[in-house]
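Below is one structure, written out as structure tokens, with a few remarks after it.
Along the sequence shown, residues are numbered consecutively beginning with 1.
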Amino acid sequence: MDALRITGGAKLAGTVSVSGSKNAALPMMAAAILADGPVRIDGVPRLLDVETLAQLLTRLGMSVRRDAAGSVHLENIDATLVRADRRLVARMRASFCVLGPLLARRRKAIVPLPGGCAIGDRPVDLHLRGLAALGADVRIERGCVIAKARRLSGAMIDLSGPRGPTVTGTANVMSAAALARGKTVITGAAIEPEVVDLGEMLNALGARIAGLGTPTIEISGVNQLGGGSYRIIPDRIEAATLLCAGAITGGSVAVSGARADHLTAVLEALEAMGCTIDITADQISLRSTGNLKPISLTALPYPGIPTDVQSQLTAVATRATGQSRIADRVFPKRFHHVRELARLGAAVRHVSGRAIVRGPENLTGAVVTATDLRASAALVLAGLAASGETIVRRVRHLDRGYERLEDKLATLGGRVERISKVRQAAVQS
């Protein structure tokens, strides 16, 4: 695997563009199974997860092609294929979003239980309960979900769970209900921008979905969806990560193309830490003096602090004067980054489901290992603030969700380079 070598100490400055949303692109690509015509999705980022899903869809009889402009073209070629590849599904949880579209369009789906980052339990029972309510025969057999239905029928479905609404569950059930007979009402639906974007994309193909962005979504089923094109929203998690890079280095960073209305809680947290935020129609700018204040926050479902930004904010808190307390109500076990931040000299510990951070500590470069996608981003941020050289290993995790993050950081003056496994061995010797 590649690694990133970071020489810390530079204050990041400049403007960088945000890529399209990974978490919107993946369920949209899966939903293209529903369409009778070709579908074009514009602004899809070049990511390992996108490549994995493209391979999965190809093996499910879809034509998947990326053009030079960054658009992905999808079309059904063989609608008889219903079994998702186990090896590919095991790589990421978002692959489970093929379940609803396969069931609705091809009347049967065989999808292995999903894999992905090791960030705690993420059950799929709400997905299965929702599809069963639409009339599907659903069972689990030898590690696979097997779902069948001659024709789905609208129903009242509650998707609220103990940790809040399920994002991928809402995507699965909403996609399936788009082709169901009659009206479906989903209560306890996720309201994340990526769910709204999926619904808008389905509407662009001919679906009839109302209530997007609220906990109650109403879907009037149609007989078929046609082809069409749609541009995805910018990636709010990448935008937040780039802003955190400016905050932790005491820099001045502008992220163009980002949507501030998708990042309200994150921007409020950064302002509370002493950063100055300026917002224009298509850009978010952050200025940090480096003299940060401690913060207490909890990652929550949207519109709260995203769990996908929790680890990055934990890294920023290592530079704040005083004690910060950071909890995660979405994935309470998502604190693998704490141990690796400590290797860099951070005074951070995981106690009773929260990170307790005392700062500011003088971080120093070390060899650290990424354990999941967002933890890897936190280690990169800490490396930017540390003195000396930091090696972040297993950046394959990073490549799942960030489009060449090292290049964007270099544009801002970060001293970051990708090194091969052979060069890692030489560096560590």
Side-chain angles (χ1 to χ4, degrees), residues 23-36 39 53 56-57 60-62 74 76 79 81-84 89 92-114 122-140 144-159 161 165-190 192 194-203 205-209 212 217-225:
N23 290 338
L26 296 176
M28 283 185 192
M29 290 173 64
I33 293 172
L34 297 165
D36 282 343
V39 174
L53 186 58
L56 179 66
L57 292 173
L60 285 169
M62 300 285 290
L74 305 104
N76 278 288
L81 301 176
V82 296
R83 182 183 292 273
V89 173
M92 63 174 187
R93 182 175 177 80
S95 58
F96 202 63
C97 283
V98 302
L99 177 64
L102 281 175
L103 174 64
R105 174 71 191 278
R106 302 183 184 178
R107 308 300 187 231
K108 184 177 180 180
I110 304 174
V111 183
L113 293 169
R122 299 195 285 184
V124 297
D125 56 313
L126 291 174
H127 302 235
L128 307 188
R129 189 191 311 165
L131 295 176
L134 292 174
D137 174 28
V138 183
R139 69 183 189 276
I140 297 178
C144 288
V145 175
I146 302 174
K148 301 177 183 179
R150 287 189 178 182
R151 178 73 189 272
L152 300 175
S153 297
M156 294 285 297
I157 301 170
D158 182 10
L159 289 182
T166 166
V167 174
T168 53
T170 302
N172 248 331
V173 175
M174 181 170 65
S175 296
L179 292 183
R181 181 189 296 112
K183 185 176 182 178
T184 297
V185 178
I186 302 174
T187 58
E192 274 73 2
E194 296 80 10
V195 173
V196 175
D197 216 30
L198 171 62
E200 297 289 4
M201 178 257 201
L202 290 171
N203 283 341
L205 300 181
R208 297 169 60 193
I209 303 172
L212 293 167
I217 299 176
E218 297 184 1
I219 306 118
S220 298
V222 297
N223 290 326
Q224 66 178 32
L225 297 181

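Residues Val98 and Leu53 have side chains in contact (heavy-atom distance under 4.5 Å, counting atoms from C-beta outward). Within the 4.5 Å cutoff, side-chain heavy atoms of Ser175 are placed close to those of Leu198. Using a 4.5 Å heavy-atom cutoff, the side chains of Ile140 and Leu128 are in contact. With a 4.5 Å cut-off on side-chain heavy atoms, Leu152 and Arg181 do not count as touching.
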Report task. Step by step, work out the side chain to side chain contact (heavy atoms under 4.5 Å, CB included) result for Leu212 and Met174. Result -> CA-CA 10 Å; Leu212 293 167; Met174 181 170 65; 3.8 Å; yes
Query - Test side chain to side chain contact (heavy atoms under 4.5 Å, CB included) applied to Val138 and Arg129, step by step - result: CA-CA 9 Å; Val138 183; Arg129 189 191 311 165; over 6 Å; no
Report task. Check the pair Leu102, Val111 against side chain to side chain contact (heavy atoms under 4.5 Å, CB included), reporting the backbone distance first and the verdict last. Result -> CA-CA 9 Å; Leu102 281 175; Val111 183; 4.3 Å; yes
Query raised in the report: For Val167 and Val195, what are the C-alpha separation, side-chain angles and deciding distance, and is it a side chain to side chain contact (heavy atoms under 4.5 Å, CB included)?
Result: CA-CA 7 Å; Val167 174; Val195 173; 3.7 Å; yes
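Taken from SG in Cys97 to CE in Met92, the straight-line distance is 8.5 Å, to the nearest 0.5 Å. With values rounded to the nearest 0.5 angstrom, Leu179 atom CG is found 8.0 Å from Arg105 atom CZ. Between Leu131 atom CG and Asn172 atom CG the span is 6.0 Å, to the nearest 0.5 Å. To the nearest 0.5 angstrom, Ile33 atom CD1 is 12.5 Å from Leu225 atom CG. To the nearest 0.5 angstrom, Leu81 atom CG is 11.5 Å from Leu57 atom CG. Rounding to the nearest 0.5 Å places CG of Leu126 at 6.0 Å from OG1 of Thr166.
In plain terms, the two heavy atoms of Ser95 and Leu56 that are nearest each other are CB-CD2, 3.6 Å. Taking all atoms of both residues into account, the shortest heavy-atom contact from Ala171 to Pro27 is CB-CB, 4.2 Å. What you find for Val124 and Leu113 is that their closest heavy atoms are CG2-CD2, 3.9 Å. Heavy atoms only, all atoms of each residue included: Ile217 and Ala189 are closest at CD1-CB, 3.7 Å. Closest approach of Ala177 to Thr184, counting heavy atoms only: CB-OG1, 3.6 Å. Minimum heavy-atom separation, Arg208 to Val222: CD-CG1, 3.7 Å.
No donor-acceptor pair closer than 3.5 Å links the side chain of Asp137 to the backbone N or O of Lys148. Arg151 places no side-chain N or O within 3.5 Å of a backbone atom of Arg107 that could act as its donor or acceptor partner.
Environment of CZ in Arg106: crowded, with over 12 heavy atoms of neighbouring residues, nucleotides or ligands closer than 6.0 Å.
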